[in-house]
Amino acid sequence: MKTHPTYFIDYRQKKDPVTKWNDFNSLWGNSDNFGTITWMYGTSHELISYTFDAQGNLIIK
């Protein structure tokens, strides 16, 4: 992951309580993310809270 972080992009919502309390890999720096986490605005851990285009690509807000 350290060598090729773009292979492991992880989109997370800034106020996702599951990420904060369960994963310990939060916006507040609880662990090393190797530069793979892209923080987005949001409060949910649910897949349906993300928006995708017709090709299935994530639309980053």
Side-chain angles (χ1 to χ4, degrees):
M1 288 176 66
K2 288 181 181 180
T3 305
H4 301 286
T6 55
Y7 295 167
F8 303 97
I9 295 175
D10 184 1
Y11 296 99
R12 301 218 177 162
Q13 296 188 18
K14 293 179 180 179
K15 296 184 179 182
D16 174 357
V18 173
T19 298
K20 181 179 178 183
W21 300 114
N22 291 342
D23 297 344
F24 299 109
N25 201 353
S26 71
L27 184 61
W28 301 277
N30 294 335
S31 65
D32 190 1
N33 69 24
F34 304 115
T36 61
I37 295 177
T38 299
W39 291 102
M40 303 169 45
Y41 176 78
T43 60
S44 175
H45 197 71
E46 300 292 326
L47 184 59
I48 61 171
S49 67
Y50 291 93
T51 305
F52 300 92
D53 66 15
Q55 288 77 38
N57 298 309
L58 178 66
I59 297 173
I60 300 175
K61 296 180 181 181

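Heavy-atom basis, side chains included; hydrogens, waters and symmetry copies ignored. These numbers come from a predicted model, not from an experiment.
- Looking at His45 and Pro17, their side chains never come closer than 4.5 Å, going by heavy atoms from C-beta outward.
- Evaluation of the ring pair (Phe, Tyr, Trp, His ring centres under 6.0 Å) rule for Tyr7 yields His4 as partners, not counting sequence neighbours.
- Closest non-hydrogen pair, Ser49 versus Gln13, comes out as OG-NE2, 2.8 Å.
- For Tyr11, the side chain to side chain contact (heavy atoms under 4.5 Å, CB included) partners are Ile9, Thr38, Met40, Tyr50, Leu58, Ile60, not counting sequence neighbours.
- Atom-to-atom distance recorded for Phe8:CZ and Thr3:OG1 is 9.0 Å, nearest 0.5 angstrom.
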